[in-house]
Amino acid sequence: MNKKLPIISFIIIGLTITYLISRLKGQLYEAKWNNKSTLAITINGEISTTFPTTAAYETSVECTTGTGKVEWNGSKWILTTSGITKGNTKCNATFVTAAPAPDGWYSAGSGTLLASLRDNNELKTPLTTPGKEVSAHTKDDVESETASVDTTEQAYYITYGTGWEANGTKFNLIGAAVTSGTYPNSYSSLVGKYLVSDYIPRTGSSTAGTMKTTTNLSSVYYVVSATSSSFTYKQITSNKNTTEALLASTEDDYGTSYYFRGAVKNNYVQFANKCWRIVRIVGDVSVKLVLHNDNTSKAANPCSSANNSEDAAFARYSGTTYRSAFNTNYNDNAYVGFMYGQVGASDYASTHANTNKSDSLKNLEKWYTKNLALYESKLADTIWCNDKSTVSGGLGKGTNVTNYAAYKRINGGSPSLICPNDNNGGKLSKFTVDDTKNGNGNLTYKIGLLTADEIAFAGSVYNTYNLSTYLRENTGTKWSWSLSPSSMTGNYAFVWEVGRGYLGGSYVYSDVEGFRPAISLISSTKVSSGSGTSADPYIVSI
């Protein structure tokens with residue numbers, strides 16, 4: 001339906017357009033109203049007195065003098081004008097919901113990171129079910145590991161197979177047999193074979209001819225090489241025997257999110273003198289990244305595989321220190337919080353009020369001020385979900401035994417990128433800086449951690465290792481914290497963690513875990529070059 005546009009008066013940052021011509025020409029500024037200049041706004045043909053609140057629009061601005069445009073800065077639309085020569089100017093700003101491209105992407109401006117991602121990726125359906133199966137891979141995708149064989153274990157006869165076959169989501173060995181000699185007399189014959197475990201007492205027996213179970217296995221172990229006292233292997237955890245390295249979609253708090261899953265090799269980004277991996281395009285069209293290499297050595301290309309190490313992905317928030325407790329205290333439901341309230345409180349709201357900063361947040365803030373403060377304008381104010389909602393009647397207060405919602409989702413194989421409201425219907429869990437429409441506005445800086453759900457969508461799964469997911473690279477055998485509460489057992493608070501692609505819960509006071517900071521770049525972020533590989537990462541224009 002066509003409507004005649006009314007004249008809407010406005011002022012820009014409290015100044016007239018005439019003043020802006022001389023003082024602020026070409027700069028970004030928000031539109032506000034007065035009676036000296038005029039602006040008309042339509043959203044999908046309907047008259048409006050405000051700009052839209054999401055980025056999913058194509059825009060145009062026409063002015064009676066000069067030119068104008070509106071751009072999304074990651075949290076709101078900003079009006080820019082130039083060449084205006086009169087003090088009384090009329091502009092028409094038009095917003096039309098962006099038509100998705102054939103692959104479901106919103107149009108992205110030329111030279112942006114979003115445009116590069118759209119052009120270099122095809123939207124696909126996952127080969128495996130996030131949360132229920134590990135991401136599909138072949139043995140060539142998997143990093144090698146080494147197991148030692150001590151003197152006692154060298155007396156074992158080893159069960160092996162010449163290959164494997166799928167049994168539902170499990171494995172059966174084929175050509176199963178037992179070595180005719182003990183390990184030191186047969187290790188060379190095991191190269192190229194498959195074992196049922198990397199631990200000799202589970203894959204062998206001290207009695208000749210005794211075979212271990214070779215069916216319905218959760219994983220198998222391919223022997224790459226062996227010596228009389230050790231063997232190198234690859235743990236195969238998916239029986240699809242194909243590589244899953246793709247971009248898929250699901251819903252989040254803002255709309256449709258596009259996430260990377262599996263053994264992805266084209267999601268490297270160089271930003272703020274560090275290397276990052278793209279986790280997903282958020283529904284607000286920001287791009288969420290997680291640290292891949294803190295680059296303390298100041299390498300020219302921190303994404304290069306030449307700079308990989310087993311702990312490079314963790315933030316050094318104090319000198320060389322990267323390990324930290326999530327919260328040093330643990331004997332209250334409050335301590336599952338990124339921020340938390342009153343310890344020993346008799347109600348849920350007081351327990352989870354965002355009044356105290358956790359150790360994890362304090363240390364992330366230390367790292368942020370050293371490394372990202374200069375780049376704040378590039379960061380989007382998106383939701384960081386510390387899901388404090390409870391399930392199964394848990395009260396979430398004091399030492400009450402409580403399971404939090406992520407406990408049920410991850411254990412049940414049903415991850416979600418939608419952050420629930422808290423038990424009282426509020427936003428205690430939805431951490432933002434300035435955005436109080438979608439979040440709680442309780443953070444100081446635009447930084448967080450990945451949720452257990454995001455880690456599951458990337459390829460990890462509860463109680464199973466996945467050594468081929470892209471999040472595994474540069475972490476070795478080390479563990480890192482997620483942002484997701486797990487449970488309170490009555491004595492100990494637990495938060496989800498990940499290590500070697502394995503999702504599990506950990507005591508919040510444990511200090512063997514590291515932090516992998518996560519940030520979101522605004523949708524207008526430009527890149528100067530790159531194809532997204534480790535040798536040729538997307539380089540963010542500063």
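From a predicted model like this one, the values you see are computed outputs, not experimental measurements.
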Looking only at side-chain N and O atoms, does [Y] offer a donor or acceptor that is under 3.5 Å from a partner on [X]?
X      : Y      : answer
Asn463 : Tyr502 : yes
Asn241 : Lys139 : no
Ser189 : Ser186 : no
Asn307 : Asn295 : no
Thr250 : Arg280 : no
Thr146 : Thr232 : yes
Asn466 : Ser468 : yes

Would a distance-only check, ignoring hydrogens and angles, find a side-chain to backbone donor-acceptor pair under 3.5 Å from [X] to [Y]?
X      : Y      : value
Glu153 : Asp150 : yes
Asp359 : Ala325 : no
Gln270 : Asn301 : no
Asn474 : His292 : yes
Thr525 : Leu113 : no
Thr138 : Thr243 : no
Asp252 : Val282 : no
Thr203 : Thr159 : yes

Is Arg472 salt-bridged to Glu145, going by a charged N under 4.0 Å from an acidic O?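 Counted as a salt bridge, because a side-chain N and a carboxylate O are separated by less than 4.0 Å.
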Under 4.0 Å between a Lys/Arg side-chain N and an Asp/Glu carboxylate O for Asp141 and Lys265?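 No.
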How close do [X] and [Y] get, counting heavy atoms only, and between which atoms?
X      : Y      : answer
Arg261 : Val134 : NH2-C, 3.9 Å
Thr382 : Thr432 : O-CG2, 3.9 Å
Asn421 : Ser389 : O-CB, 3.6 Å
Ser238 : Ser135 : CB-O, 3.6 Å
Val196 : Arg202 : CG2-O, 3.6 Å

By side-chain hydrogen bond (donor to acceptor under 3.5 Å, both in side chains), Tyr404 pairs with (sequence neighbours left out) Asn333, His352
Holding to side-chain hydrogen bond (donor to acceptor under 3.5 Å, both in side chains), I want the full list of residues that pass it with Ser304, two or more places apart in sequence or in another chain.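 For Ser304 there are no side-chain hydrogen bond (donor to acceptor under 3.5 Å, both in side chains) partners, ignoring immediate neighbours.
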Measure the shortest side-chain to side-chain distance between [X] and [Y] over non-hydrogen atoms and say whether it is less than 4.5 angstrom.
X      : Y      : result
Leu361 : Phe431 : no
Asp381 : Lys446 : yes
Leu291 : Trp367 : yes
Ser482 : Thr451 : no
Leu114 : Val287 : yes
Ser416 : Arg409 : yes
Val540 : Trp276 : no
Thr256 : Glu251 : yes

In Å, rounded to the nearest 0.5 Å, how long is the span from [atom1] of [X] to [atom2] of [Y]?
X      : Y      : atom1 : atom2 : answer
Lys170 : Asn216 : NZ    : CG    : 6.0 Å
Cys303 : Tyr538 : SG    : OH    : 12.0 Å
Tyr160 : Thr179 : OH    : OG1   : 7.5 Å
Tyr509 : Ser324 : OH    : OG    : 14.5 Å
Asn239 : Leu217 : CG    : CG    : 11.0 Å
Ser486 : Asp387 : OG    : CG    : 11.5 Å

Please say which of Arg277, Lys288, Arg516 ends up in a salt bridge (charged side-chain N to carboxylate O under 4.0 Å, His left out) with Glu454.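 For Glu454, the salt bridge (charged side-chain N to carboxylate O under 4.0 Å, His left out) check succeeds only for Lys288.
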Of Glu310, Glu497, Glu513, Glu473, the residue whose pairing with Lys478 passes salt bridge (charged side-chain N to carboxylate O under 4.0 Å, His left out):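 The residue from Glu310, Glu497, Glu513, Glu473 that satisfies salt bridge (charged side-chain N to carboxylate O under 4.0 Å, His left out) with Lys478 turns out to be Glu310.
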Determine whether the aromatic ring centres of Tyr507 and Tyr492 lie less than 6.0 Å apart.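 Ring centres of Tyr492 and Tyr507 closer than 6.0 Å.
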Measure centre to centre between the rings of Tyr156 and Tyr183, then say whether the value is under 6.0 Å. no
Do the ring planes of Phe260 and Tyr470 sit parallel (below 30°), tilted (30 to 60°) or perpendicular (above 60°)? perpendicular
For Tyr233, which of Tyr194, Tyr199, Tyr222, Tyr221 qualifies under ring-ring contact (aromatic ring centres under 6.0 Å, His included)?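 The residue from Tyr194, Tyr199, Tyr222, Tyr221 that satisfies ring-ring contact (aromatic ring centres under 6.0 Å, His included) with Tyr233 turns out to be Tyr221.
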Result of checking Tyr335, Trp481, Trp496, Phe515 against Phe326 for ring-ring contact (aromatic ring centres under 6.0 Å, His included): Trp481
More than 12 heavy atoms of other groups within 6.0 Å of Lys408 NZ: no
Got a sec: does the CZ of Phe271 have more than 12 other heavy atoms crowding it under 6.0 Å?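 Enclosed: over 12 neighbouring heavy atoms sit under 6.0 Å from CZ of Phe271.
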